[in-house]
Amino acid sequence: MLNNLILKTVNVNKNFFIEKIFFSNKTATIRAVDNASIELKKGEIVGLAGESGSGKTTLAKIIAGLMDYDSGEIFIDDRNIENYSRYELSKKIQMIFQDPFSSLNPKLSIGTIIKEAIKAKKNLDNIAVNVLNMVGLSSDAIQKYPHQFSGGQRQRIAIARALATEAEIIIADEPVSSLDISVQAQIMNLFFDLKKNLGLSYIIISHDLNLLSAVSDNIAIMQNGKIIEYGQSDKIMNRPDNPYTQKLISAIPVINV
Ligand SMILES: Nc1ncnc2c1ncn2[C@@H]1O[C@H](COP(=O)(O)OP(=O)(O)OP(=O)(O)O)[C@@H](O)[C@H]1O
Ligand SMILES: [Mg+2]
């Protein structure tokens with residue numbers, strides 16, 4: 001792909017229609033994603049930020065093939081995602097969600113959870129142990145169940161499950177916001193290490209611009225479904241052009257230690 005791009009969206013649009021507003025029969029249209037174009041290079045982390053309801057999750061789900069869109073195009077490795085089978089897409093791109101409690105089936109052992117994500121027939125146990133080790137968990141996790149782990153550890157398991165599919169792109173939607181502050185940076189660092197060691201590419205959604213800018217190469221800011229600013233992390237954090245981005249950054253609390 002040109003410029004080493006692994007993922008590209010071109011003018012993606014998604015509207016939601018809310019039928020019958022109170023006291024009227026009118027239908028309201030929500031422009032959840034409005035002409036969003038975004039690029040992700042191989043081995044790069046793009047951070048996606050913006051206020052609640054700005055369309056981040058909707059865009060993320062569309063990119064991961066989990067939600068339909070109205071118009072626009074999405075390319076992974078220069079190939080339109082419409083031309084991928086569901087299985088092919090799952091080998092390319094995986095999504096990690098905010099809540100590691102609800103994203104892991106409580107009735108299944110960690111080994112089964114990870115093995116279910118892998119379609120290969122051979123060496124299943126080896127693969128499961130390998131990915132658990134990669135995320136910093138010991139091999140005996142394989143026999144345990146989700147309730148035996150902390151929130152941070154569960155998020156590591158969700159990451160291990162994504163790694164087991166050998167997907168090259170990970171879309172993480174608020175992956176640390178339900179975790180203790182002390183664990184948040186550890187999980188972000190894990191993403192960073194896996195990027196360095198495995199060459200993975202990420203889109204990470206977070207409200208925390210400080211955390212996001214510490215790991216992201218580039219940052220995209222969304223407002224009302226639109227990507228209103230996009231650029232290198234340092235540039236966005238130190239010299240944002242858009243007034244809305246300036247407002248977001250000036251709202252970050254300064255912590256004096
Ligand atoms: N299934 C749906 N049906 C109707 N409207 C929806 C649906 N999903 C999202 N929306 C609306 O689309 C807009 C974008 O929502 P989205 O969840 O993508 O925002 P977000 O940026 O992820 O917000 P947050 O930071 O709170 O997670 C919002 O106005 C939301 O109410
Ligand atoms: Mg969201």
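Along the sequence shown, the residues carry numbers beginning at 1. Each ligand, and each atom within it, is numbered from 1 in the order the structure gives.
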In this structure, atom 26 (O) of ligand 1 is nearest to the protein heavy atom S52 OG, 2.5 Å

Minimal heavy-atom distance between L194 and M134, with the atoms involved, is CD2-O, 4.2 Å

message: With a 3.5 Å distance limit and no angle check, can you tell me whether K107 reaches the backbone of Y145 through a side-chain donor-acceptor pair?
response: no

Logged contact type for M222 with ligand 1, heavy-atom cut-off 4.0 Å, is neither

Atoms of ligand 1 under 4.0 Å from any heavy atom of H207, numbered from 1 in the order shown, are 25 (O)

Quick note on ligand 1: atoms under 4.0 Å from a heavy atom of T57 include exactly 17 (O), 18 (O), 20 (P), 22 (O), 27 (O)

I want to know if ligand 1 touches E174 in the polar sense, i.e. an N/O pair below 3.5 angstrom. no

Under 4.0 Å and counting heavy atoms only, is there anything from the protein next to atom 31 (O) of ligand 1? no

Note: heavy atom closest to atom 23 (O) of ligand 1, options G53, G50, S206, A28, belongs to G53

Q.
With no hydrogens and no angle check, just 3.5 Å: does a side-chain donor-acceptor pair link N15 and T29?
A. no

Query raised in the report: Can D140 and S138 be said to form a side-chain hydrogen bond (donor to acceptor under 3.5 Å, both in side chains), step by step?
Result: CA-CA 6 Å; D140 60 5; S138 64; 2.7 Å; yes

Carboxylate-amine/guanidinium proximity below 4.0 Å for K115 and D125: yes

Practice item. Say whether, by atom type as modelled, one donor and one acceptor occur between the side chain of Y230 and the main chain of S37 under 3.5 angstrom. Key: no

Take a 6.0 Å sphere around CG of D68 and say whether it holds more than 12 heavy atoms from other residues, nucleotides or ligands.
no

For I30, the atoms of ligand 1 under 4.0 Å from one of its heavy atoms are 12 (O), 29 (O)

- Is any N, O or S atom of Q98 under 2.8 Å away from the Mg ion (ligand 2)? no

Distance-only donor-acceptor check, side chains S182 and D180, under 3.5 Å: no

Of all heavy-atom pairs linking I114 and A160, the shortest is CD1-CB, 4.1 Å

among protein heavy atoms, the one nearest atom 21 (O) of ligand 1 is K56 NZ, 2.8 Å

Atom 3 (N) of ligand 1 has as its nearest protein heavy atom F16 CD2, 3.5 Å

Task: Under-4.0 Å protein heavy-atom contact, atom 9 (C) of ligand 1 - done: yes

Counting from 1 in the order shown, the ligand 1 atoms closer than 4.0 Å to a non-hydrogen atom of A32 are 12 (O), 13 (C)

Note: heavy atom closest to atom 16 (P) of ligand 1, options T58, N15, I18, belongs to T58

